[in-house]
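The structure under discussion appears below in the form of C-alpha cells.
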Amino acid sequence: MIPPPNVTGSLHIGHAFTNTLQDIVVRWRRMLGHDTLWLPGLDHAGIATQMVVERQLSQEGKTKEDLGREAFEKRIWDWKERSGGIILKQLRLMGFSLDWSRERFTMDAQLSRSVREVFVSLWEQGLVYRGDYIVNWCPSCVTALSDLEVVTQPEAGSLWHIRYPAADGGEGIVVATTRPETLLGDTAVAVHPEDERHKQLIGKSVILPVLKRVIPVVGDDFVDREFGTGAVKITPAHDPNDFQAAQRLGLPSISMMDERAVLNENAGPYAGQDRFEARKGIVARLQAEGLLVKTMPHSVPLGRCQRCKTVVEPRLSRQWFVRTKPLAEPAIQAVEDGRIRFVPENWSKTYFEWMRNIRDWCVSRQLWWGHRIPAWTCGACSELIVAREDPKSCPKCGGTALTQETDVLDTWFSSGLFPFSTLGWPEKTPDLARYYPNDVMMTGFDIIFFWVARMIMLGMRFGGDVPFRTVFINGLVRDENGDKMSKTRGNDVDPLAVIEKHGTDALRFTLAALANPGNDPSLGEARLIGYKAFVNKLWNASRFVLMNLEGEVAPSFGRPALPLPSRWILGEFDKTAREVNASLAEFRFDQAANALYHFLWDDFCDWYLEISKAYLADASQAPAARAVLLRVLDGSLRLLHPFMPFVTEEIWQKLPHHGPTIMKAAFPTGPEADPGAAAEMAPLMALVTAIRTIRAEKSVDPKKRIKVGVVAPTQRSLLEAEAAWLRSLARIDPLEIRDAAPPEAPQTIKQQVGPWQVLLPMAGLFDIEVERARLGKQREKLETERAGIAQKFDNPQFVARAKPEVVAEGRARIAEIEALLERNGATLRDLGAS
RNA sequence: GGGCGGUUAGCUCAGCGGUAGAGCGUCGGCCUUACACGCCGAGGGCCACAGGUUCGAAUCCUGUACCGCCCACCA
C-alpha cells in the first residue's frame with residue numbers, strides 16, 4: 001500500500017523520496033517474477049483538508065456555518081477531486097508503477113464500510129467508550145485533538161504567586177500558577193499532606209480572589225513540595241492533573257470557557273473576554289487588591305495545535321475513546337518476536353517506547369469532514385445506539401426520534417485500516433487472501449505513532465494477522481545544509497521543478513543514492529546535476545553500443561573463449577548484479593545505486609568501452625565484442641530500470657530482440673561465480689594507469705605516442721594478446737615486450753607494475769631533478785609503510801595472537817615493499833649514472 | 001525529566017576490529033570521431049575529545065563536549 005497522501009494540495013519532495021524507494025522495490029520484485037501489488041490511494045485527512053477549505057471560504061468572507069454542513073461537505077468533495085487529481089497526475093509523472101485499477105480513497109463507500117465495521121466491533125468488544133474527560137482542544141479548529149496532534153514546546157511565560165486569603169480572616173495561602181485566568185474555575189487549593197508549611201490548612205477554607213467563592217484546602221501527594229509555593233490551585237475543568245485530582249477527591253468542576261476559549265457566564269465580570277485578554281485583566285486586578293505576591297519569569301511547556309499552531313486548551317468535554325492497552329499488547333509482541341521487522345531495526349525501540357506507555361486514543365473530532373461516528377441517541381429514553389446500519393428506531397423503547405452523533409472520526413482511524421480496508425475487508429475477497437498481510441510498508445519516521453502503530457494494532461485485531469512483515473522507515477529530506485525543508489524557510493524543493501530541470505530519472509536516482517538508512521538525506525542541486533550527468537552518460541554509452549552494432553553480432557559466445565577484458569567486464573557485471581540484489585534485499589538503495597554508478601561509469605565506460613574500440617577495429621574480434629557490449633548494456637539497463645524507468649525503457653526499445661517492455665524483463669541476478677578475471681585484469685589496468693601517471697607527471701604531450709618497454713619475465717603472452725588496447729589506452733607506440741631488462745637504460749623511468757617492469761625512455765622529455773625528487777618521495781612513503789608494519793612484527797604478541805592470514809598478509813606486503821624499494825633504488829642509481 | 005541518533009577530506013556522506021573511501025568541489029593537462037553533462041592525472045583526513053578492552057580501534061566499552069530528533073501531566 002502506498003502511504004496515502006493527504007488531499008490537501010500537491011506532493012512535495014518527501015513524497016517523491018519515499019515513493020521512489022517504494023517503486024524501486026516494486027519494480028525490482030516484479031522483474032524478479034514476483035506477484036506484486038502497489039496500491040494507490042488518497043487520504044481524506046480530516047482536519048487538515050477541512051482547514052484548507054475553511055481558509056478558502058474565509059477569503060470569500062464566508063464560514064462553514066454560512067454554508068451548512070451538507071453544502072460544506074460538498075465543497076470539500078469538490079476540493080478533493082481537484083487536489084486528488086493533481087496528486088495522481090504527479091504520481092504518474094514520477095513514473096510510479098502503481099496499480100491504477102485499484103485506486104482507493106479513505107472515504108470511498110467500501111472503505112467507509114470497513115471503518116464502520118471496525119468502530120462498531122470495537123464498541124461491542126468494549127474497546128470504544130464515550131465519556132467526559134479533559135482533552136486537548138483547539139479553540140481555533142474548534143475540535144478535540146489526540147495527544148499526538150499537539151506539539152509541545154517550552155515558551156517564555158510567568159509564574160504568578162497569588163494569595164488566597166483564609167475564610168476565617170487569616171493569611172490564607174499563596175499558590176503559584178502559570179495560568180492565573182483559570183482561577184475563575186478553581187474549586188480547591190491542594191497542598192502535600194506532609195508539607196509542614198501548609199498541612200495545618202487542610203480541611204480549612206480559603207476565599208477565591210475575584211469571585212470571592214469559598215473553596216477548601218485539600219491534601220494530595222501529587223503536589224510537588226519543591227515547586228513554587230508548594231500549594232497548587234485546582235481547576236478541574238481546565239487542567240488534566242487537576243481533573244484527576246478532583247476525581248480522586250470528589251471536587252466539583254466549573255467550566256469557565258467556551259469552545260473558542262472565550263470566558264463564559266461562570267467567569268463573572270470577565271465573561272465574554274478572550275482567555276489571554278482576561279489573564280491581563282485578572283493579573284492587574286490581583287495586583288490592585290494586593291493579592292499578587294510576586295511574578296517570576298518562567299519557561300512553560302506550551303502545547304500548540306499541530307495544524308494551526310493555536311495554543312491548545314485542556315478542555316472538559318464528551319468524547320469517544322479507543323481503549324488502547326488491549327490492542328497494544330499483541331502489537332508489541334508482534335515486533336518483539338519478529339513477525340514484524342523494522343528497518344532500520346533501531347526504530348523498533350522508538351515504537352516500543354511509545355507503545356508501552358500508550359494512553360487511550362481520543363478518536364472523536366468536532367469536524368464536518370470525515371467518517372461520522374455511527375452512534376445515535378434516542379430522544380425518548382436517551383439510549384446510546386452504536387450500529388452498523390442506520391437504525392430506524394430505538395431497540396430499547398422503540399422510539400423513532402433518533403439523533404445521530406455529529407462528531408467524525410480521527411482521520412488516522414481510517415488510514416489505520418488501509419492495509420486491509422483497501423482489499424475489500426470485511427468481505428473475504430480474493431485480493432484480501434492474496435495480498436494480506438502486505439510484505440513491506442514503507443514510510444517516514446514522523447508517522448510511526450500516528451499511522452504505523454495504529455495499523456499494527458488494528459490490523460492484528462481485524463485483519464487476522466500482522467498488516468505487514470517489514471516496515472521500512474525512511475528519513476526526512478533536508479536541504480543541502482541539512483536543514484529541514486519548509487515553505488516558510490523558502491528552502492523547500494518542488495519535485496515538478498526538479499523534474500523540469502533535471503529529469504525524473506535523475507531525481508529518482510539521486511533520491512535513491514541518498515537513501516542511506518537511518519539518516520536524513522540532504523538534497524542539494526550539485527547531487528542532482530551529478531546524477532543527471534549519469535543519465536546522460538548512460539545515454540551516450542548506449543549510443544556508442546548501438547552505433548557499433550551495425551556489423552555482425554555473434555549470436556552467442558562461450559565465456560572462456562573470450563579475451564580477458566570481455567571476461568572481466570562480464571564478471572564485473574555479474575558481481576554488480578549480485579550486489580544490487582543483495583543491497584535491495586536489505587533496503588540499501590544507496591549501495592545499490594552506488595554499485596551501478598561505479599560499474600557503468602568506471603568499469604563499463606571508462607575501461608571496457610575504450611578497450612572494445614580496439615576489438616571493434618579488428619574484424620576477427622568484432623562480432624564477439626559486439627555481443628559482449630550488447631549483453632552488458634542490456635543487463636545494465638535492466639539493473640537500472642527500477643531506479644530510472646524512463647531512459648532505460650527508451651533505450652531498451654532500441655535494442656535488437658527487445659521485448660514488449662523492460663518492466664517485465666528478467667532482472668539479472670549475477671548467478672555466475674567470479675571467474676577470476678578481475679585478478680588477471682588488475683595488473684593490465686595498473687600498467688595503463690602507471691604509464692598515464694608518468695606521462696601526466698612529466699607533462700608529456702597527451703597526443704604523442706611514446707615508446708614503452710615492458711620487462712615480462714612471466715605472463716608475456718597475456719601482454720602480447722592484449723597489446724592492441726594497451727597501446728591505445730596508454731598511447732604507446734611501439735610497445736616492446738622483453739624477457740629481461742636491458743643492461744643499460746639511461747634516462748629511463750623504471751617502475752614495477754604487478755609482475756612486470758615498465759621501462760619508459762624519457763630522453764629529452766623530462767627533468768631529471770624532478771624525477772629524482774619524485775622517486776625520493778615514493779621511497780619515503782614506502783619506508784614509512786614498512787616501518788609501520790615492522791612495528792607490528794616487533795611485538796611478539798602480534799605474531800602469536802593475530803589471525804594467521806593477517807600475519808601472512810603483513811609478511812607479503814613487507815616483501816612487496818622490499819621489492820619496490822629495490823627497483824626504486826635501482827632507478828635512482830640509473831638516473832644518477834645518466 | 002526520559003529515550004534515540006549524529007560528530008570521518010572544503011561540502012554531502014559511505015565504511016563499523018587489521019594504520020581510511022565515494023560523489024561533488026579544488027589543482028594540473030586534454031575538444032583522443034559515445035559523451036566537455038566529457039577524458040586523463042594529482043592533491044587533500046592525528047576518523048570530536050579523554051580514558052579503557054585488544055597483539056591491533058575510525059570501527060567495541062565508559063565518560064565528556066557540542067549538534068539533531070522523539071517522548072513526557074511539574075502547577
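Side-chain N/O atoms of A/Asn536 include none lying less than 4.0 angstrom from OP1 or OP2 on B/G38. A/Arg692 has a side-chain polar atom (N or O) that falls below the 4.0 Å cut-off from OP1 or OP2 of B/G41. Of the side-chain N and O atoms in A/Arg359, one or more sit less than 4.0 angstrom from OP1 or OP2 of B/C73. A sub-4.0 Å separation between OP1 or OP2 of B/C39 and a side-chain N or O of A/Trp601 is present. Residue A/Lys613 has no polar side-chain atom (N or O) positioned under 4.0 Å from OP1 or OP2 of B/U33. Within the structure, every side-chain polar atom (N or O) of A/His598 is placed at least 4.0 Å from both OP1 and OP2 of B/G21. A sub-4.0 Å separation between OP1 or OP2 of B/A42 and a side-chain N or O of A/Thr693 is present. The side chain of A/Arg588 places an N or O atom within less than 4.0 Å of a non-bridging phosphate oxygen (OP1 or OP2) of B/G15. Residue A/Arg801 has a polar side-chain atom (N or O) positioned under 4.0 Å from OP1 or OP2 of B/C55. Side-chain N/O atoms of A/Ser522 include one lying less than 4.0 angstrom from OP1 or OP2 on B/C13.
Salt-bridge formation is detected for the pair A/Glu650/A/Lys654: a Lys NZ or Arg NE/NH1/NH2 atom is positioned less than 4.0 Å from an Asp or Glu carboxylate oxygen.
Between A/Arg179 atom CZ and B/A75 atom C1' the separation is 11 Å, expressed in whole Å. Remark: C1' of B/A34 and CD1 of A/Ile651 are 12 Å apart, rounded to the nearest angstrom. Straight-line distance from the CZ atom of A/Phe793 to the C1' atom of B/G18: 11 Å, rounded to whole Å. Rounded to an integer number of Å, the gap from CD1 of A/Ile694 to C1' of B/A42 is 14 Å. Atom CG of A/Asp446 is separated from atom C1' of B/G68 by 15 Å (rounded to the nearest Å). Per the geometry, CG belonging to A/Leu600 stands 14 Å off C1' belonging to B/G38, to the nearest Å. In this entry the distance linking CD of A/Glu149 with P of B/C71 reads 12 Å, nearest Å. Taking atom CD1 of A/Ile529 as the reference point, atom C1' of B/G25 lies 12 Å away to the nearest angstrom.
Only the C1' atoms considered, B/C13 is 9 Å distant from B/U8, to the nearest whole Å. Spacing between B/G6 and B/G15 at atom C1', rounded to whole Å, works out to 15 Å. Spacing of C1' atoms, B/C47 relative to B/G28, comes out at 29 Å, to the nearest Å. Straight-line distance between the P atoms of B/U12 and B/G3: roughly 30 Å, to the nearest whole Å.
Scanning both residues, A/Val311 and A/Arg275, for their nearest heavy atoms gives O-NH2, 2.8 Å. Looking at every heavy atom in both residues, A/Ala231 comes nearest to A/Val191 through CB-CG1, 3.9 Å.
Pair check for B/C39 finds B/G29; Watson-Crick or G-U wobble, both atom distances under 3.5 Å. Pair assignment for B/G18 gives B/C55, based on Watson-Crick or G-U wobble hydrogen-bonding distances that are each under 3.5 Å. For B/U64, the paired base is B/A48 (Watson-Crick or G-U wobble, both distances below 3.5 Å). The nucleotide B/G23 finds its pairing partner in B/C11, both defining distances of the Watson-Crick or G-U wobble pair being shorter than 3.5 Å.
When the shell of 6.0 Å around NZ of A/Lys294 is examined, it contains 12 or fewer heavy atoms from other residues, nucleotides or ligands.
Mapping A/Ala526 and A/Met547 onto RNA chain B via the closest heavy atom, the residue that lands nearer the 5' end is A/Ala526. Mapping A/Leu159 and A/Asp147 onto RNA chain B by nearest heavy atom places A/Asp147 closer to the 5' end of the strand.
Here the side chain of A/Ala802 is nearest to one of B/A34, B/A75, B/C55, namely B/C55.
A/Phe643 and A/Phe534 have their aromatic ring centers separated by at least 6.0 angstrom. Between A/His298 and A/Phe227, the distance from one ring center to the other falls under 6.0 angstrom.
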